[in-house]
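Here's the structure, in structure tokens; my notes come after.
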Amino acid sequence: ADSVLKGKTLAYIAFGLQYEYQVTLVDHVRKLAAEKGMKISVYDGKGDASTQTTQLLDVLSKQPDIILLNPVDAKLLQGGVRKANEAKIPLFMLENLPPEGEWVAYNTFDDVAGGRAAADAVAKLTGGKGRVLEVRGAIGSGQSQKRYDGFHQQMKEKYPDITIETLKAEWTADNAQTLTVDAFTRDPNVAAIWAHNDEMIRGVVSALRQINRLELVGEKGHIPVIGFDGTPLGLQRIREGTQTADVGQDPFSMGSSIVKEMENHFSGKPVEKNTLIQPVMIWKENVNSPDNWGNKVKS
Amino acid sequence: MTMENTQASSLAPAGQAGLQGLRGRLSFIDLMQSVGLLGVILLGGAVMSVLSPVFATTRNIENVLQSATIIAVVAIGQTFVILVAGIDLSVASVLVLSSVLSVGLVQFQGLSPEIGVVVALAAGVGIGLINGLAVTKLRIPALIATLATMTIARGLAYIYSGGTNIAPVPRFFVDFQAARILGIPAVIVLTLVLAVIAQIVLSRTSFGRSIYATGGNPLAARLAGIKTERVIVLAFMISGLMSAIAGLLITARFEAGAATAAQGLELAVIAAVVIGGVSLFGGEGNIGSMLLGVVLLGLVQNAVNLLNVPPNWDSVVSGLVIAAAASLDVYRRNYLEAGMRRKVIATKSARTPKT
Amino acid sequence: MTMENTQASSLAPAGQAGLQGLRGRLSFIDLMQSVGLLGVILLGGAVMSVLSPVFATTRNIENVLQSATIIAVVAIGQTFVILVAGIDLSVASVLVLSSVLSVGLVQFQGLSPEIGVVVALAAGVGIGLINGLAVTKLRIPALIATLATMTIARGLAYIYSGGTNIAPVPRFFVDFQAARILGIPAVIVLTLVLAVIAQIVLSRTSFGRSIYATGGNPLAARLAGIKTERVIVLAFMISGLMSAIAGLLITARFEAGAATAAQGLELAVIAAVVIGGVSLFGGEGNIGSMLLGVVLLGLVQNAVNLLNVPPNWDSVVSGLVIAAAASLDVYRRNYLEAGMRRKVIATKSARTPKT
Amino acid sequence: MAHGITKGFPGVLALDNVDFDVRSGEVTALLGENGAGKSTLIKLMAGFYAPDRGEITVDGVPLQADPASAHRIGVATIHQDAHLVPAMSVAENIMLGRWPGRYGWVSRRAQKQKARAAVDRVAPHLNISTPAGRLSPADQQLVEIARAISEDSKILIMDEPTTSLSPPEIERLFRVVEDLKSNGLGIVFVSHWLEEVFAIADRVTVLRDGRLVGTKPIAELDHDKVIRMMVGREVREALHKPRPVGEVVMRVDKLSRQGVLDDISFEVRAGEIVGMSGLVGAGRSELAACIFGIDPYDRGSVEVGGIPIRSNDPKAAIDAGIGLVPEDRRRQALVGLMSVRSNMTLSIFDRVTRYGFLSSRIEEEIAAREMKSLAVKAASSKVRVSTLSGGNQQKVVLGRWLARRPRLLILDEPTKGIDVGAKSEISELIVRLAESGMAILLISSELPEILSLSDRVLVMRSGRISAKLSRAEATGETIMSYATTG
Ligand SMILES: Nc1ncnc2c1ncn2[C@@H]1O[C@H](COP(=O)(O)OP(=O)(O)OP(=O)(O)O)[C@@H](O)[C@H]1O
Ligand SMILES: Nc1ncnc2c1ncn2[C@@H]1O[C@H](COP(=O)(O)OP(=O)(O)OP(=O)(O)O)[C@@H](O)[C@H]1O
Ligand SMILES: [Mg+2]
Ligand SMILES: [Mg+2]
């Protein structure tokens with residue numbers, strides 16, 4: 001039988017197609033939409049709230065049946081969300097929520113839990129003490145803030161002997177590289193490094209190589225490096241031993257679940273308003289598991 | 001037709017009549033300068049109306065203009081600075097600083113919204129003053145001076161807001177955003193009012209003329225007794241004020257004091273201003289055609305969104321459209337210029353010799 | 001001492017000898033011009049050594065230089081463009097395009113790494129050529145033309161890479177990054193070699209001289225028989241080539257071809273070039289002091305990182321340091337000039353008049 | 001008004017303890033060789049520079065080093081180089097900084113009226129709404145003059161106001177000056193044309209090497225005395241000697257450019273000096289621009305040595321053996337930021353290159369040689385050419401072509417702004433170049449120069465050659481009559 005979504009138009013304002021995780025998410029939603037017979041248009045938010053606001057307004061002119069919105073910075077899309085509500089177009093949200101407004105369903109990855117999982121991993125690798133570098137994402141990004149909160153809460157509650165030094169790398173490998181190098185110059189005693197995404201790990205690894213501190217997992221002097229996302233490149237690094245672990249999210253389940261909520265909404269079934277997708281820790285042992293999204297996409 | 005007549009009459013004794021005719025023709029050329037960009041816009045608009053049925057709707061045009069207001073307001077200030085051969089990179093940072101102050105002073109310090117607005121505007125003017133003094137007194141190149149304040153102001157905005165965006169905003173921001181005057185969104189009306197004031201200041205006041213003189217030939221301006229340093233400082237202060245006003249607009253639009261917004265806005269603004277015919281070397285340009293540059297960039301963005309160009313191809317398409325628009329405009333100007341030169345010289349050499 | 005002697009001999013008839021002595025003094029001043037920025041750097045370095053014990057270690061200095069290499073290489077190319085009074089905003093996009101091509105052609109198309117590198121460099125030169133032709137033939141302002149190619153090249157890089165990192169990189173990138181020549185990291189050596197070549201080209205070849213002439217006065221240069229359009233096109237091509245080389249360096253540094261890298265790099269590069277004394281109006285500047293500008297910015301960043309300035313305050317601090325460095329440099333120049341004037345008056349004013 | 005003025009620049013002492021005063025109702029001519037310090041003194045009086053020592057007062061009120069204060073105090077100045085805002089209209093340039101109106105509003109009507117009134121006194125043919133940047137150098141200079149005389153000033157300073165003007169305009173200017181003088185203005189006048197000085201000045205002040213030589217009433221002076229004060233030696237007039245004339249070097253055939261040039265044909269032979277006369281705006285500079293490939297032309301051809309040269313390509317013209325000393329050296333010839341030396345070698349890269357690299361030794365040799373032969377006054381060959389005085393800048397341009405030795409040299413107003421001593425040196429030089437076989441096309445608005453140097457004279461009017469005169473036929477009267485009505 002045809003899906004209730006058949007023939008419906010879906011406008012998907014994406015976070016930005018410059019990010020591997022997002023590209024995978026978008027591709028998956030696209031594939032599902034095609035299966036359900038929806039007409040989908042994807043807008044590339046380019047990681048910029050102003051662009052997204054403009055896109056949202058432009059999309060409203062086109063009167064689609066469904067809007068799927070993944071805000072870069074939800075607070076800044078408050079005004080846009082209000083307009084969508086006024087236009088009475090059902091809104092589905094991913095990853096970030098504005099302070100007010102209405103939406104049918106919200107799916108997100110549990111970033112706080114992700115931060116906590118990272119803290120556990122760090123503690124496990126360091127024996128619960130030492131100086132840990134946290135390479136964080138952009139100030140003002142909701143994801144980064146939740147990861148930060150989860151990590152620090154967990155550390156404070158369970159591993160008080162660990163000191164955290166936060167480096168403001170704004171999601172980019174370039175920044176992560178210089179900041180890491182300089183953090184080591186300041187004090188070469190580093191027990192572990194955790195970065196808010198896998199992209200920044202590229203900078204971290206490059207920094208370690210530059211200062212001659214890059215030892216593979218298992219070798220003497222190895223500094224545990226933990227990423228976030230579970231991108232193919234991250235998994236590859238785990239296989240090679242330049243990265244120790246990764247906090248995996250799952251774009252596939254996030255995409256599938258939000259499309260399922262759309263189906264529920266239009267067929268009158270109960271809709272799960274908030275869905276939190278839990279992190280999966282990836283280590284060398286399970287790096288080849290076909291469940292890891294990074295193994296499902298081939299780059 | 002008229003031109004032919006002018007040629008004939010310029011044979012008359014004093015050549016006065018010929019010059020009169022030329023004067024009329026010159027303002028016609030000025031008109032063409034703006035109309036040229038308008039032509040590019042209309043042409044593009046016509047193509048778009050065929051490609052996308054929703055393009056030519058009031059709703060869509062209103063959206064485009066409304067989205068363009070923030071860049072437009074900042075661009076008005078930037079125009080003053082570029083006219084004096086400066087450049088202001090700090091605009092986006094001043095904008096976010098103004099935005100977080102306008103909300104934060106109410107949220108954190110419990111001040112009244114009016115005071116918040118006033119302090120936000122004052123901060124913009126103050127940073128403009130610092131930029132201006134750094135450029136004129138310390139003689140730091142404008143690019144470097146405003147790069148420094150750009151970094152500093154953004155830092156201050158993050159520090160003050162704690163790195164996040166501040167919400168909710170005072171009620172009147174929301175009301176203002178929703179307000180309409182004669183059916184036109186108030187933000188658009190405000191922008192137009194600011195543009196008209198700026199254009200009048202530039203074209204009809206001695207301060208405005210001093211701006212053009214200072215940018216067109218600073219030495220000549222100084223020798224003529226114009227206080228060029230003061231003019232430059234004022235231009236930067238105006239840019240600061242306009243950016244601060246844009247900060248309030250962005251607060252209204254996003255309903256938050258936004259520390260993270262407007263990344264890279266300075267380049268977009270400078271691009272719009274230059275496409276709008278303001279010379280980076282100073283002394284040339286006007287608000288009217290400058291605004292057409294802003295609108296053109298807004299339309300390109302809108303077209304790309306409406307046509308749902310595949311992700312990342314949109315960048316390619318906008319780049320091509322910008323290049324095409326710019327070269328069309330340049331082509332038109334050269335064409336016009338060549339035509340004009342021939343006419344001027346023809347009139348001149350036909351004049352009766354005086355002994 | 002020598003100067004005193006020179007003064008005495010300037011009493012000799014033709015004044016020729018006096019001119020000789022002055023020549024010596026002038027090159028001393030030229031030296032001071034560069035040394036000035038060096039002075040700012042040394043002063044800052046001294047302060048930093050006190051504040052942070054690790055600052056003055058070989059290790060740290062090496063790190064700073066190594067990090068600065070990418071900006072430095074791009075800045076060398078940008079210097080050529082700014083010297084001809086242009087500006088190249090497309091550098092960062094060319095850089096990432098080169099980076100993704102150098103890896104992608106091997107990974108996706110299965111070509112040999114050498115071909116990947118050659119195509120990457122050719123792409124850079126090609127975009128430079130397009131920029132140059134747009135500026136000279138279509139007469140689009142450089143800012144707009146390169147803004148367009150900046151958008152387009154970044155778009156193409158994303159399209160080609162599909163928004164992901166392309167890895168692993170061919171072996172020789174890894175080897176190159178790790179290599180040392182005489183104990184100095186190969187990337188630093190390569191950058192210095194490129195800088196020396198660029199400086200020699202600029203100061204010792206007719207092409208270099210044409211660059212300065214074209215930037216200083218394009219009309220005069222053209223009337224002196226210089227093919228100014230060709231010179232401008234070549235400057236843009238050099239900028240494209242340098243950015244492409246920087247793209248290979250970034251590939252080596254991060255061991256991946258990444259389209260997301262180098263966001264906003266163009267502004268950082270332009271800032272470094274201008275702080276390094278290259279005039280945005282063309283015709284003035286040299287590679288040596290320009291590199292000091294690059295190093296200065298790198299050190300500011302390093303200092304902020306080492307001192308562990310609280311998050312967000314780091315922006316404020318770097319902004320202040322940039323402003324301070326720029327104004328110190330301007331102050332020094334004025335001071336030097338005033339000193340020279342006084343010297344002339346003191347030594348020449350009292351001389352016996354010859355009639 | 002100026003007392004004990006000393007002003008130094010890096011490497012140059014431009015003025016050394018100079019006293020100078022201006023009296024109302026008098027024209028004081030300020031004379032001196034190129035680089036003597038005239039313009040520097042004027043810039044000090046205009047408030048543009050601050051004196052290192054000494055003081056300037058107007059009616060006992062000290063002048064601040066600020067052009068605005070100079071204007072306020074009543075000093076209006078025409079500077080040596082035209083300082084106009086190119087994109088602004090003539091009217092606005094005339095009223096620059098003094099825009100009429102109230103409360104900061106500019107009254108366009110009043111502006112036009114006032115500008116029109118000022119322009120009518122010196123240049124009635126100008127259209128006051130043309131952007132100033134589009135005017136020819138001569139018209140730009142007229143605009144400068146109109147601006148200065150429109151000011152309500154006590155003192156009017158004119159630094160070489162006549163350099164690009166033709167006789168009728170100069171006459172008109174002098175009438176205005178007489179007028180202002182009788183209104184009680186004090187006027188300072190700088191010119192390298194002693195005829196002009198004797199026609200208008202009441203007193204003469206002479207500077208040499210930055211020092212005051214003396215001030216004398218005009219009645220006590222004659223040409224030779226003034227020259228001796230300025231130069232410290234006698235100056236010889238160049239005498240015309242017949243020279244053997246060689247084969248045709250350049251042939252211009254039916255050259256036309258719409259609205260500018262109409263059917264121009266002539267030839268220049270080796271060793272020949274062809275003078276080209278005409279009124280300002282006759283199209284002589286435009287012709288030079290077309291021959292030299294600066295501007296395109298619609299029809300016709302230019303041949304050098306029988307080979308046609310490509311249009312619109314200065315490089316091709318230079319390669320074919322043409323050199324041009326353009327009219328507006330600052331805009332068209334010199335790269336101000338570059339050194340004197342680099343400016344001189346700008347067209348001879350091939351000759352100063354060894355093993356692919358520029359040799360600074362050869363460059364210095366050439367520059368030193370030309371600087372010596374032209375007596376260029378500069379601190380060294382490495383100073384920026386923009387710091388040289390106007391006349392010395394012109395010598396640098398000449399030096400560039402002397403270094404290259406083209407087959408045909410086009411000189412467009414070559415002695416514009418050149419002092420008497422140097423002028424005769426340049427005249428001699430032109431003759432020497434012709435003797436050595438170089439063909440010379442000499443464009444000049446100065447009849448004496450044309451008459452004393454030319455072997456043949458072409459007269460242009462309204463883009464056409466209205467007469468081709470032999471040396472015998474060419475007199476002041478014939479030339480002027482063909483220039484105005486041919
Ligand atoms: N800005 C400057 N920097 C350095 N030297 C300068 C500067 N301005 C003038 N000079 C020097 O001062 C001296 C006097 O120059 P000035 O322009 O006053 O001469 P002048 O008498 O007007 O000559 P001319 O008749 O050629 O115009 C010259 O040697 C000149 O090179
Ligand atoms: N760029 C320009 N735009 C407009 N008119 C111009 C331009 N250049 C020259 N003209 C005009 O063309 C005419 C011919 O000028 P040209 O300079 O060739 O005359 P000339 O005989 O050399 O006189 P001059 O002594 O003024 O140089 C003049 O009327 C001049 O005003
Ligand atoms: Mg002078
Ligand atoms: Mg002329």
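A note on names: the letters A, B, ... follow the listed sequences, proteins ahead of strands, and every chain is numbered from 1.
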Most heavy-atom pairs under 4.5 angstrom with chain C, which of B:Ser279, B:Ala157, B:Ala148, B:Ser318?
-> B:Ala148
Assert top hit (heavy-atom pairs under 4.5 Å, partner chain C, pool B:Gly155, B:Ser315, B:Gly264) equals B:Ser315
Part of [X] within contact of chain C (heavy atom distance under 4.5 Å):
X: B:Gln263; result: neither
X: B:Arg154; result: neither
X: B:Leu89; result: side chain
X: B:Leu147; result: side chain
X: B:Ala145; result: neither
X: B:Ala134; result: neither
X: B:Leu156; result: both

Smallest heavy-atom separation, B:Ile152 atom then C:Val316 atom, equals CG1-O, 3.5 Å
Leading residue by heavy atom contact count with chain B [cutoff under 4.5 Å; candidates C:Thr151, C:Ile159, C:Ile87, C:Leu143] |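 Max contact count across the listed options: C:Ile159.
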Which of C:Ala271, C:Gly319, C:Ala259 touches chain B most, by non-hydrogen pairs under 4.5 Å =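 Max contact count across the listed options: C:Gly319.
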Is it the backbone or the side chain of C:Ile140 that comes under 4.5 Å from a heavy atom of chain B, or both, or neither?
->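 For C:Ile140, the contact with chain B is made by backbone and side chain together.
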